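Presented below is the structure to which this report refers.
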Amino acid sequence: MSSQDEQIQQRRANLGELAKLGVEIYPHAFARRHQVAQLAEGYGGRSREELEAERIETITSGRILAIRSFGKASFLVLSDGLAKIQVYIRQDSMPALDFQIFKLLDFGDWVGVEGHLFRTKTHELTIWASRLHFLAKCLLPLPEKWHGLTDVEIRYRQRYLDLIVNPDSRRVFEARSRLVSAVRAFMDARGYLEVETPMMQPIAGGALARPFTTHHNTLDMDLYLRIAPELYLKRLTVGGLEKVFEINRNFRNEGISTQHNPEFTMMEFYEAYSDYRSLMVMTEEMIATVARQVIGTDQITFGKHHISLGAPFARLSLREAVRDAAGRKLGCDVSDAELRQRDTAASIAQQLGLASQAGHGPGEVTTDIFEALCEDRLIQPTFVYDFPTEVSPLSKQKADDPDTVERFELYIGGLEVANAFSELNDPAEQRRRFEDQLHDRARGDLEAHAMDEDYIRALEYGLPPTAGEGVGIDRLVMLLTNSPSIRDVILFPLMRRRDERSATND
RNA sequence: GACCGGGUAGCUCAGUGGUAGAGCAGCGCACUUUUAAUGCGCGGGCCGCGAGUUCAAUCCUCGCCCCGGUCACCA
């Protein structure tokens with residue numbers, strides 16, 4: 001028998017013994033007076049004498065993370081996931097049945113404890129137990145206390161184990177929760193209305209990406225999981241909701257990497273009468289405010305970089321960034337005009353050693369160069385602005401330059417954290433852009449945007465001048481928690497299915 | 001998809017072409033203020049899966065599965 005099977009059998013036997021003693025082995029509730037964390041916080045500063053004088057009685061509960069036994073006296077370490085407290089168990093301080101229960105406990109079990117607080121010889125805050133209540137059994141052996149759990153595969157697949165033994169992991173997800181709250185509070189305070197738009201869409205629009213498909217049986221209708229909420233949120237602006245936002249999941253059927261999970265969380269918002277310039281200012285303020293609320297500072301460490309999230313952020317036009325980087329690499333001047341023409345742009349890309357995609361226009365080539373040369377160098381927060389119209393089918397052109405749209409992306413730590421633009425609200429131009437996308441699609445570009453007649457109709461009813469933005473929540477959490485992989489900030493990242501045999505052998 | 005690294009006890013990790021190793025966890029005994037408790041003793045392995053080479057494979061070769069990373073793809 002394997003060590004694991006043996007331990008499971010021993011734990012089951014202990015559970016059986018508890019039942020024989022008449023103990024309810026799966027009790028329904030437990031009324032506690034304090035959480036472990038409340039004890040640690042509230043009484044961690046009390047001296048031995050103070051505790052003796054006050055005689056603080058408590059009832060608390062948690063998971064047993066250690067048992068140190070000395071025969072007739074023992075110590076348990078109890079955790080509520082946030083904090084730990086030690087429990088002193090001695091035979092002559094509790095009913096005989098409770099001590100029998102204690103002897104049948106295993107590392108990992110859930111228990112309730114009654115008793116008073118004191119300090120041991122070594123000054124540790126401890127509960128002197130007068131009662132012990134069995135709450136639930138841990139039938140499987142837990143990872144060890146000292147090295148914790150480092151196998152990333154088990155950490156992702158069995159997140160509960162990660163959370164039990166790795167306090168840092170718990171902290172990451174607490175920070176994530178605070179971040180979502182802080183972003184919501186920031187938007188609330190500015191009068192934005194939080195809405196929820198469809199996750200299942202008949203046309204997957206609002207971004208250039210490949211969708212997941214699904215099917216509704218009763219309607220016998222194919223649907224897509226949304227790649228973005230954009231077109232629905234702008235319909236709401238047409239409907240007169242001047243400031244809206246949504247925090248929710250997007251799904252993109254694409255590659256997986258340290259920066260990409262097939263489902264990810266985005267905060268997307270739209271504001272009538274605004275433009276991309278105003279959104280830069282608002283975004284700077286949001287990032288710095290949220291950082292201070294979540295981690296108490298706007299100065300962060302990300303990998304080997306120190307990054308300041310304090311406003312203002314750097315601003316860099318996309319074509320300038322590309323001209324600069326390409327020019328430096330090639331040792332010659334690259335002009336704006338060269339980047340705007342298909343043949344010259346393609347030739348520059350070729351000289352840079354970038355495989356030119358058939359059918360890519362000058363705008364796409366320019367963004368390809370940007371992604372290859374510039375993206376991962378943008379460590380300090382930087383707004384990259386003014387994108388080629390060709391790669392931005394939903395953005396509004398600059399008044400004096402139809403090749404260029406009013407759009408920016410925010411980069412921090414080499415990660416694309418936000419994407420925003422002044423919204424295209426001319427229905428005739430929007431139809432032309434969609435038609436261009438259809439040509440790309442016909443050419444085999446699976447990410448090209450589909451035609452959305454109802455969206456154009458909505459624009460025909462009149463969308464006021466509007467600016468909109470999407471903020472990648474997962475990537476912001478990565479930055480604020482110094483997590484190198486998006487999987488470290490998603491509780492249950494998508495993993496390949498394992499066959500049953502190796503799964504049961506975990 | 002390509003390349004690189006990894007998969008050995010519940011966990012963290014060593015290791016060798018010839019009987020499989022440690023620490024922690026587990027079990028037993030001792031111990032009424034320990035805290036990575038201690039001391040003594042014991043158990044626990046399809047060495048990811050499948051072929052091949054070999055007298056002999058956990059180790060070498062090939063294929064496959066899973067994980068991580070880089071690149072490609074992708075906002």
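Basis for what follows: all heavy atoms, side chains included, without hydrogens, waters or symmetry-related copies. Just so we're clear, the structure is a prediction, and the values are computed from it rather than from any experiment. Per chain, numbering begins at 1; letters A, B, ... match sequence-line order.
For A:L149 and B:C24, the CG to P distance is 19 Å, given to the nearest whole Å. In this structure, CZ of A:F70 is placed 4 Å from C1' of B:U34, rounded to the nearest angstrom. Rounded to whole angstrom, the span from the OH atom of A:Y88 across to the C1' atom of B:U34 amounts to 9 Å. Between the CD atom of A:E153 and the P atom of B:C65 there is a distance of 14 Å, given to the nearest Å. B:G28 atom P lies 10 Å from atom CG of A:D106, rounded to whole Å. Regarding A:Q158, its CD atom lies at a distance of 17 Å from the P atom of B:C66, rounded to whole Å. Between A:I67 atom CD1 and B:G28 atom P the separation is 12 Å, expressed in whole Å. For the pair A:R496 CZ and B:C64 P, the interatomic distance rounds to 13 Å; values are reported in whole Å.
A:E375 comes within 4.0 angstrom of nothing in the nucleic acid, heavy atoms only. At the heavy-atom level, A:R119 lies nowhere under 4.0 Å from the strands shown. As judged by a 4.0 angstrom heavy-atom cut-off over every strand, A:D92 is placed among the base-contacting residues. Nucleic acid contact for A:T367: none, since no nucleic acid atom lies under 4.0 Å from a heavy atom of the residue. A:A209 comes within 4.0 angstrom of sugar-phosphate atoms only, judged by non-hydrogen atoms across all strands, and of no base. Residue contacts shown for A:R48 are absent, as no nucleic acid heavy atom lies under 4.0 Å away. Across all strands, A:Q86 comes closer than 4.0 Å to base atoms (heavy-atom distances). At a threshold of 4.0 angstrom between heavy atoms, the contacts of A:E124 include nucleobase atoms, whether or not backbone atoms are also involved. Nucleic acid contact class of A:Y411 (heavy atoms, under 4.0 Å, all strands): none. Looking at heavy-atom distances under 4.0 Å, A:G148 makes contact with sugar-phosphate atoms alone, never a base. Contact annotation for A:F118: base contact, defined as any heavy-atom pair under 4.0 Å involving a base atom. Nucleic acid contact for A:Q259: none, since no nucleic acid atom lies under 4.0 Å from a heavy atom of the residue. Residue A:R68 is in base contact, counting any heavy-atom pair closer than 4.0 Å across all strands shown. As judged by a 4.0 angstrom heavy-atom cut-off over every strand, A:Q7 is placed among the base-contacting residues.
Comment: A:D401 engages A:R340 in a salt bridge, judged by a side-chain N to carboxylate O separation of less than 4.0 angstrom. No salt bridge links A:R319 with A:D386; every basic N to acidic carboxylate O contact stays at or beyond 4.0 Å.
With a cut-off of 3.5 Å on both Watson-Crick or G-U wobble distances, the partner of B:U34 is given as none. Checking B:U16 for Watson-Crick or G-U wobble geometry (two distances, each under 3.5 Å) identifies no partner in any strand. Using N1 to N3 plus N6-O4 or O6-N4 for Watson-Crick, or N1-O2 and O6-N3 for G-U wobble, each under 3.5 Å, B:U58 pairs with nothing. Searching all strands for a Watson-Crick or G-U wobble partner of B:C3 with both distances below 3.5 Å returns B:G69. Taking a pair to require two hydrogen-bonding distances under 3.5 Å in either a Watson-Crick or a G-U wobble arrangement, B:G23 pairs with B:C11. Across all strands shown, B:G43 remains unpaired; no Watson-Crick or G-U wobble contact has both distances below 3.5 Å.
Rounded to whole Å, the C1' atom of B:A22 lies 11 Å from the corresponding atom of B:G15. When the P atom is used for both B:C64 and B:C4, the distance is 14 Å, rounded to whole Å. Taking atom C1' on both nucleotides, B:A57 is separated from B:G52 by 11 Å, rounded to a whole Å. If you take atom C1' in B:U58 and the same atom in B:A14, they sit 14 Å apart, rounded to whole Å. Atom C1' of B:A9 sits at a distance of 39 Å from the matching atom of B:A72, rounded to the whole Å. Separating the C1' atom of B:C47 from that of B:U32 is a span of 44 Å, rounded to the nearest Å. Nucleotides B:G7 and B:C13 are separated by 10 Å at their P atoms, to the nearest Å. Comparing the same atom, P, in B:U33 and in B:G68 gives a spacing of 48 Å after rounding to whole Å.
Counting only N and O atoms by type, the side chains of A:N261 and A:D474 include no donor and acceptor under 3.5 Å apart.
For A:H147 against B:C11, no side-chain N or O and base N or O form a donor-acceptor pair under 3.5 Å. Residue A:E144 places no side-chain atom within donor-acceptor reach of the base of B:G10, judged by atom type and a 3.5 Å distance cut-off alone. Judged by atom type and distance alone, A:T150 does not reach the base of B:U12 through any side-chain donor-acceptor pair under 3.5 Å.
Contact annotation: A:R11 does not reach the phosphate of B:G26 (side-chain N/O to OP1 or OP2, under 4.0 Å).
The one candidate from A:V87, A:I101, A:I64, A:T60 that meets the side chain to side chain contact (heavy atoms under 4.5 Å, CB included) condition with A:V111 is A:I64.
Between the side chain of A:R48 and the backbone N or O of A:T120 there is at least one donor-acceptor pair closer than 3.5 Å. At least one donor-acceptor pair closer than 3.5 Å links the side chain of A:E144 to the backbone N or O of A:W146. In terms of modelled atom types and a separation under 3.5 Å, the side chain of A:R90 and the main chain of A:A73 share no donor-acceptor contact.
The side chain of A:I154 lies closest to B:C11 when the candidates are B:C11, B:G10, B:G69. Each of B:C74, B:U34, B:C67 was ranked by its minimum atom distance to the side chain of A:T126; first place goes to B:U34. When the nucleotides B:C11, B:G69, B:C74 are ranked by their closest atom to the side chain of A:H260, B:C74 comes out on top. Side-chain proximity of A:F107 to the nucleotides B:C11, B:C31, B:A25 is greatest for B:A25. The side chain of A:R90 sits closest to B:U32 out of B:G69, B:U32, B:A25.
For the residue pair A:A207 and A:R252, the shortest heavy atom distance occurs at CB-NH2, 3.5 Å. Taking both residues in full, the closest heavy atoms of A:H34 and A:T58 are given as ND1-OG1, 2.6 Å, listed atom of the first, atom of the second, then distance.
Each of A:P141 and A:E409 was matched to the nucleotide of RNA chain B holding its nearest heavy atom; the match closer to the 5' end belongs to A:P141.
Here A:F75 counts as stacked on B:U34: its ring centre is under 5.5 angstrom from the base ring centre and the planes meet at under 30°.
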